[in-house]
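In each ligand, atom 1 is the first atom listed, and ligand 1 is the first ligand listed. A quick note: this is a predicted structure, and the numbers were derived from the prediction, not measured. Counting begins at 1 with the first residue of the sequence.
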Amino acid sequence: MKKLNIGVIGLGRLGYQHAENVNKCIGANLVAVSDPFPASLERGINDFGVKGYADYKEMLADEEVEAVVVATPTQTHFDVLQDVIAAGKPIFCEKPLTFTVEECEIIMKEVEEKNLYLQVGFMRRFDPGHVAAKKMIDEGKCGKPIYLHDCQRDPNGPPPAYVPQSGGLFVDMAIHDLDVARWIMGREITEVYATGAVLKHEFLKELNDVDDGQILLRFEDGGMGLIEISRNANDVYDVRTEVIGLEKSVFVGQDQMTPFKVVGGQEITYDMSNWVLGRFKDAYVNELQAFVTNVREGNPSPVNAYDGLMGIKLALAATKSFREDKWIKIEY
Ligand SMILES: NC(=O)c1ccc[n+]([C@@H]2O[C@H](COP(=O)([O-])OP(=O)(O)OC[C@H]3O[C@@H](n4cnc5c(N)ncnc54)[C@H](O)[C@@H]3O)[C@@H](O)[C@H]2O)c1
């Protein structure tokens with residue numbers, strides 16, 4: 001079968017990694033990259049040996065580009081997605097799909113009408129540990145899942161300039177945990193209650209954000225959950241997901257990064273990942289492989305526009321709950 005020719009829009013932290021990963025996928029070719037920032041574009045052209053476009057609209061007009069990865073800042077997603085949808089090319093888009101529920105609804109309607117493939121970059125669904133846990137639950141080996149505990153801790157506080165465009169802690173970080181929660185429990189969240197505080201990075205107070213948060217969850221059918229998010233993991237990136245079933249429990253984490261440790265002086269030392277790109281390096285390749293395989297074979301998206309919509313709806317509900325100090329019911 002012919003390979004899928006892919007173009008990547010946005011060559012920042014995530015986009016560069018996605019461009020690199022396209023060539024690790026079976027059945028895919030990276031053929032073009034786009035970024036308006038000359039140094040990023042130059043680096044992409046040189047490192048990957050592909051065509052470069054300062055204007056992504058010109059890349060979309062390139063007939064060789066058959067499918068597109070969108071990894072621009074979130075506030076540009078809606079406009080970029082409108083153009084990609086108009087061009088009729090299958091889409092892999094980073095999370096959050098957009099910052100508003102209304103924009104997600106428009107995108108969902110448009111891709112449904114055009115029968116266009118769209119996959120959202122919730123990469124934890126492709127992490128081998130999370131996949132193993134989900135498989136156990138779906139096969140009924142844990143019994144009914146009744147309780148979720150999930151935490152995500154960033155190594156350090158964000159750069160101050162990033163905060164105003166991040167959407168805040170509950171959108172920027174917890175959107176991943178909220179997606180994992182509804183996916184791994186296999187049912188929707190009905191209510192959220194969130195609290196938060198600045199525990200370390202005082203500059204966040206002026207920016208109206210927090211560095212630590214907790215979200216209580218109520219699920220359809222009676223399940224409960226707790227999500228913890230933090231920017232204060234002291235130089236490591238630490239993600240854990242625990243699901244308690246009526247018969248068995250599953251625990252996903254990755255304390256140790258490299259399979260190597262030093263023992264001596266009554267101590268054991270080993271490394272941990274210090275950033276999301278390291279901890280989920282396999283998940284980022286696996287999600288793109290799913291994109292390539294599904295587009296080539298005509299399969300439905302495993303993380304579709306509705307999942308993107310639910311991610312931002314839940315993250316905004318958590319933000320509102322924190323601001324107003326009350327439980328928020330999720331409207332369906
Ligand atoms: N899945 C994850 O784990 C994860 C982690 C971090 C960021 N993200 C998401 O990835 C997206 C990008 O984040 P980032 O951290 O890579 O940002 P970044 O700022 O590092 O990179 C964005 C890049 O997009 C380029 N860009 C801006 N406007 C553009 C346009 N119109 N056309 C083409 N390129 C354009 C910028 O020049 C920059 O190089 C965001 O939506 C973010 O939420 C996801």
Could you tell me which atoms of ligand 1, counted from 1 in the order shown, lie closer than 4.0 angstrom to a heavy atom of [X]?
{"X": "Phe37", "result": "37 (O)"}
{"X": "His77", "result": "41 (O)"}
{"X": "Pro96", "result": "43 (O)"}
{"X": "Thr72", "result": "11 (C), 12 (C), 24 (O), 29 (C), 30 (C), 32 (N), 33 (C), 34 (N), 35 (C), 40 (C), 41 (O)"}
{"X": "Ile9", "result": "32 (N), 33 (C)"}
{"X": "Gly121", "result": "1 (N)"}
{"X": "Tyr56", "result": "31 (N), 32 (N)"}
{"X": "Gly10", "result": "24 (O), 25 (C), 33 (C), 34 (N)"}

What is the nearest protein non-hydrogen atom to [atom], stated with its residue, atom name and distance?
{"atom": "atom 41 (O) of ligand 1", "answer": "Thr74 OG1, 2.8 Å"}
{"atom": "atom 43 (O) of ligand 1", "answer": "Lys95 O, 2.8 Å"}
{"atom": "atom 44 (C) of ligand 1", "answer": "Glu94 OE1, 3.1 Å"}
{"atom": "atom 3 (O) of ligand 1", "answer": "Tyr284 OH, 2.6 Å"}
{"atom": "atom 34 (N) of ligand 1", "answer": "Pro36 CD, 3.1 Å"}

Does the pair [X]/[Y] count as a salt bridge with the N-to-O cut at 4.0 Å?
{"X": "Asp172", "Y": "Arg231", "result": "yes"}
{"X": "Glu64", "Y": "Lys51", "result": "yes"}
{"X": "Asp211", "Y": "Arg153", "result": "no"}

| message | Can you tell me which portion of Arg13 lies within the under-4.0 Å heavy-atom range of ligand 1? Options are side chain, backbone, both, or neither. | response |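 Both backbone and side chain of Arg13 come within 4.0 Å of ligand 1.
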| Given that the side chain starts at C-beta and the backbone is N, CA, C, O, which of these parts of Leu11 lies under 4.0 Å from ligand 1, counting heavy atoms, or is it both or neither? |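 Within the 4.0 Å criterion, Leu11 contacts ligand 1 through backbone atoms alone.
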| Set of residues satisfying side chain to side chain donor-acceptor pair (under 3.5 Å) with respect to Gln254, sequence neighbours excluded |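 Per chain and number, Gln254 pairs via side chain to side chain donor-acceptor pair (under 3.5 Å) with no residue.
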Check for me whether [X] meets the cation-pi criterion with [Y], that is, NZ or CZ under 6.0 Å from the six-membered ring centre and within 45 degrees of the ring axis.
{"X": "Arg43", "Y": "Tyr16", "result": "yes"}
{"X": "Arg13", "Y": "Tyr162", "result": "yes"}
{"X": "Lys24", "Y": "Tyr284", "result": "no"}

| message | Quick test of your reading of the structure: of Pro73, Gly167, Gly12, whose heavy atom lies closest to atom 27 (C) of ligand 1? | response | Pro73
| said: Quick check on the 6.0 Å ring-centre criterion: do Phe170 and Phe322 meet it? | reply: yes
| message | Under 4.0 Å from atom 19 (O) of ligand 1, can you find at least one protein heavy atom? | response | no
| field | Per-atom contact, atom 13 (O) of ligand 1, protein heavy atoms, under 4.0 angstrom | value |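 Given the 4.0 Å cut-off, atom 13 (O) of ligand 1 does not count as touching protein heavy atoms.
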| query | Which pair of non-hydrogen atoms, one from Ala87 and one from Leu60, has the smallest distance, and what is that distance? | reply |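 Where Ala87 meets Leu60 most closely, the heavy atoms are CB-CB, 4.3 Å.
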| field | ligand 1 N/O within reach of Leu14 N/O, cut-off under 3.5 Å | value |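 Yes; at least one N/O pair falls below 3.5 Å.
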| So, is Asp35 polar-close to ligand 1, with some N/O to N/O distance under 3.5 Å? |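 Yes - when backbone and side-chain N and O of Asp35 are compared with those of ligand 1, one distance drops under 3.5 Å.
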| said: Using 30° and 60° as the class boundaries, would you call the ring planes of Phe92 and Phe291 parallel, tilted or perpendicular? | reply: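 Aromatic pair Phe92/Phe291 classed perpendicular.
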| request: Over 60° means perpendicular and under 30° means parallel, so classify the ring planes of His130 and Trp183, tilted if in between. | output: tilted
| Which of these, Val69, Asn5, Val50, sits in a side-chain contact (heavy atoms from CB on, under 4.5 Å) with Leu30? | Val50
